Amino acid sequence: MKHITITSIILFLIININYTFSQTRTSNIESPLEYFNHRTEAINSVKNEKWQESIEILKSLTTQYQNDADLFYLLGLSYYETGQFTNAIISLKKTLESGGTILTDIPTGSAPSNDIMIKIAKAYAKDGDKENALLWLQKGFASRYDEKPFLKNDAAFKDFIEDENFLALFGNDNHTNTTREEAWAKDISYLENRINELHYSPYHAISKTEFSKAILNLKTKIASLNDEQIIVELMKIVGSLGNGHNLIVPTSPNKGALKKIPVQFYQFSDGLFIVDAEIGFEQWIGYEVESIGNITAEEALRRTNAINARDNAMQTLWLGPYYLGLPDVLKGLGIAKNANQVTITLRDIKGKPQKAIMNPVSWNFSGFPKIPKLKGGEQPLFLSKTEDPYWYKLIPENNSIYVQFNIVAQKETQSLKDFNIELRSQASKNKVQHLILDLRHNHGGNGSILPPMLKTIINFEVMNPDGSVFVLMGRETFSAAQNLLTDITKYTDAILVGEPSGSKPNHIGEAGWFKMPYSGLMGVISTQFHQTSKAEDNRNWIAPHIPVSISSTDYFNGNDKALDIIMDLIKSDEN
């Protein structure tokens, strides 16, 4: 028996050694330096969209060395762009065989493996192979491809638009004379399937049994609910998924688009206040909200958790006030009795109560609101340029540079990389000793472009050992901005000022889109797990070293208490 066991182990090792060698191809590189130079040349050719030129270089490189998936990826894209679809398929499949790529800033390309699968599907479609095109579409969707709704009308699949198998992938069928109840039931089933298809871990906050029960329960109530009420119930189901990248776009459907009341709320340290308003309602700006209907502002905010799929309690403060602005949500949560007219009890600056009746207005969702600029007068620094993705200001009196990073995206006029090169140059040229990075308005974006900003923070700390790095943070520091914050705390000794962050160091993120085939209702579902911190880091947020909350008095008077504290700290250190 012992002999058999030893023999089995030896056989197992031989098989695995052979398998390992089969995955690693030998090198035919005669001049490694020349290979490297040509590799760099090929990448530059692709970035400049010199497709045919890049093909010749990449063919030579992949013949010499077949273990670099980046090169097969670039070759596949080059073949695709020159209409050589069979060759593109071969090269892109070799990319996947090696585990894919993480190359960024490649025109017409996208690095995730599910994006490469969709590229293969497009190549098959353009080559007239419908069967394999559909097969690779299914593979991409099963791998949590996040742009599915926008593929239906993609030019690559123009010949598929009436194909039943193709339409079925998007939840469509050719059944006519569908009743309202049947149409909504199919939409609800489609959402259930899309959640299971997209979500990284759909049952981490709710059991599969409870989730299925909620889906079935909604289907049985369709006839008794209007379209708006169905959407609110769907918001509750999405809210039960329990992490911050799950949401419904309430103004997207063809039927039942939700309206809002004509004011914007914000939860300050001293209460819920109106901070912005539509024309004709400006007189209520600055008023504190005592109650909505017969429900106190505090209780109303708590109830929004039923539809607010949040990472932590800071998202109640951030997104709860947004949901309180939707009358159908207020009715669905038992806060208001009538979705067509909402009564709010307000208090003026002297504490005098006053009732205001709000009728809903139509609107278009364009992202979650940020704390708005003040109405009239000079803006404080932190509100002065919130529409600008990234900018800086030298503060010579404190030997500091203030950097506000508002969204993780590229500006057309200056890439984030070029901005950071300028930032480092200015800091060096002006002998800046203190860097202040403001992430309080940053809801995230494309996390793949973050490295230049992280390098700037690390470089600044290394080059200025007698100075300090400060990070202003808060409830809106979310998603990719959370990832940047987590990395900053890992690699620097930055001093954190403000509120706890709006997400977790390790969180389920990204945003895969769904679009219901009948109602047109759209939204996003979390698709990826971001482990930015150590595996055992289970913190609900990153807490500030210097806790500072914003009060209504500070806001309406244009004061930035958090920045003032940093300036006082810099002055005290200098003294």
Side-chain angles (χ1 to χ4, degrees), residues 370-371 373-374 377-442 445 449-474 476-477 480-481 484-485 487-489 491-498 544-546 548 550 554-555 557-575:
K370 299 184 178 185
I371 187 169
K373 293 185 177 184
L374 298 174
E378 185 177 353
Q379 300 292 333
L381 189 63
F382 84 108
L383 294 177
S384 62
K385 298 173 70 175
T386 54
E387 71 286 349
D388 194 336
Y390 35 83
W391 58 279
Y392 69 88
K393 177 182 175 63
L394 291 165
I395 307 177
E397 60 270 25
N398 278 339
N399 206 12
S400 305
I401 187 167
Y402 172 87
V403 183
Q404 192 172 77
F405 191 16
N406 292 323
I407 184 172
V408 187
Q410 303 282 19
K411 289 202 295 191
E412 291 185 6
T413 55
Q414 185 183 41
S415 70
L416 186 61
K417 179 179 179 181
D418 289 341
F419 171 77
N420 277 275
I421 291 172
E422 179 183 338
L423 198 57
R424 293 171 211 156
S425 174
Q426 287 294 321
S428 175
K429 176 182 176 181
N430 291 279
K431 296 182 171 53
V432 171
Q433 285 294 302
H434 309 285
L435 187 150
I436 304 164
L437 176 64
D438 193 343
L439 298 177
R440 286 176 291 181
H441 305 297
N442 199 320
I449 68 171
L450 282 173
M453 183 63 79
L454 180 62
K455 289 177 183 178
T456 293
I457 304 302
I458 295 172
N459 176 76
F460 184 89
E461 186 175 75
V462 171
M463 301 303 293
N464 297 277
D466 296 328
S468 299
V469 173
F470 298 91
V471 179
L472 288 157
M473 52 184 278
E476 296 179 39
T477 307
L484 176 61
L485 175 65
D487 279 340
I488 289 172
T489 63
Y491 301 120
T492 76
D493 293 319
I495 300 169
L496 311 181
V497 182
H545 304 138
I546 305 176
V548 185
I550 184 170
D554 286 333
Y555 170 72
N557 287 331
N559 298 327
D560 187 353
K561 187 176 178 181
L563 184 58
D564 290 343
I565 287 174
I566 289 174
M567 294 306 181
D568 289 342
L569 186 59
I570 290 172
K571 288 179 181 178
S572 66
D573 285 347
E574 289 175 351
N575 293 333

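Residue numbers run from 1 in the order of the sequence given. Here the structure is a predicted model, which means the values were calculated and not measured.
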Distance in Å, [X] [atom1] paired with [Y] [atom2], rounded so as to fall on 0.5 Å steps:
{"X": "I566", "Y": "S400", "atom1": "CD1", "atom2": "OG", "answer": "9.0 Å"}
{"X": "I570", "Y": "E397", "atom1": "CD1", "atom2": "CD", "answer": "10.0 Å"}
{"X": "N420", "Y": "T456", "atom1": "CG", "atom2": "OG1", "answer": "3.5 Å"}
{"X": "I458", "Y": "D487", "atom1": "CD1", "atom2": "CG", "answer": "8.0 Å"}
{"X": "L416", "Y": "L450", "atom1": "CG", "atom2": "CG", "answer": "7.0 Å"}
{"X": "F405", "Y": "R440", "atom1": "CZ", "atom2": "CZ", "answer": "15.5 Å"}

side-chain contact (heavy atoms from CB on, under 4.5 Å), paired with V471, selected from L485, V497, I495
L485
Closest non-hydrogen atom pair, [X] against [Y]:
{"X": "Q414", "Y": "Y390", "answer": "O-OH, 2.6 Å"}
{"X": "I488", "Y": "A494", "answer": "CG2-CB, 3.7 Å"}
{"X": "S415", "Y": "D418", "answer": "OG-N, 3.0 Å"}
{"X": "D493", "Y": "E461", "answer": "N-OE2, 2.8 Å"}
{"X": "P380", "Y": "G558", "answer": "CB-O, 3.3 Å"}
{"X": "H434", "Y": "N398", "answer": "CD2-O, 3.6 Å"}

Tell me, yes or no, whether the heavy-atom count around K393 atom NZ, taken from other residues, nucleotides or ligands under 6.0 Å, exceeds 12.
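12 or below, so no.
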Near E378 CD, under 6.0 Å, is it more than 12 heavy atoms from other residues, nucleotides or ligands?
no
Do we see a donor-acceptor contact under 3.5 Å between the side chains of E422 and Y392?
yes
Between the side chains of Q426 and N430, does any donor sit under 3.5 Å from an acceptor?
yes
Output, in order, the C-alpha distance, side-chain angles, deciding distance and verdict of side-chain contact (heavy atoms from CB on, under 4.5 Å) for M567 and I436.
CA-CA 10 Å; M567 294 306 181; I436 304 164; 3.8 Å; yes
Contact between [X] and [Y] at the side-chain level, heavy atoms closer than 4.5 Å - yes or no?
{"X": "L383", "Y": "H441", "value": "yes"}
{"X": "K561", "Y": "I565", "value": "yes"}
{"X": "L423", "Y": "I401", "value": "yes"}
{"X": "K411", "Y": "D388", "value": "yes"}
{"X": "Y402", "Y": "L563", "value": "yes"}
{"X": "K455", "Y": "M453", "value": "no"}
{"X": "Q433", "Y": "D466", "value": "yes"}
{"X": "F470", "Y": "I546", "value": "no"}

Apply side-chain contact (heavy atoms from CB on, under 4.5 Å) to V432 and N464, showing your working.
CA-CA 8 Å; V432 171; N464 297 277; 5.9 Å; no
Determine whether D560 and L381 satisfy the following criterion, side-chain contact (heavy atoms from CB on, under 4.5 Å), listing intermediate values before the conclusion.
CA-CA 8 Å; D560 187 353; L381 189 63; 5.8 Å; no
Using modelled atom types only, decide if a donor and an acceptor are shared between the side chain of S428 and the backbone of S425 within a distance under 3.5 Å.
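Between the backbone of S425 and the side chain of S428 there is no qualifying donor-acceptor contact (under 3.5 Å).
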side-chain contact (heavy atoms from CB on, under 4.5 Å) for V469 and L437? Distances and angles first, verdict last.
CA-CA 8 Å; V469 173; L437 176 64; 5.7 Å; no
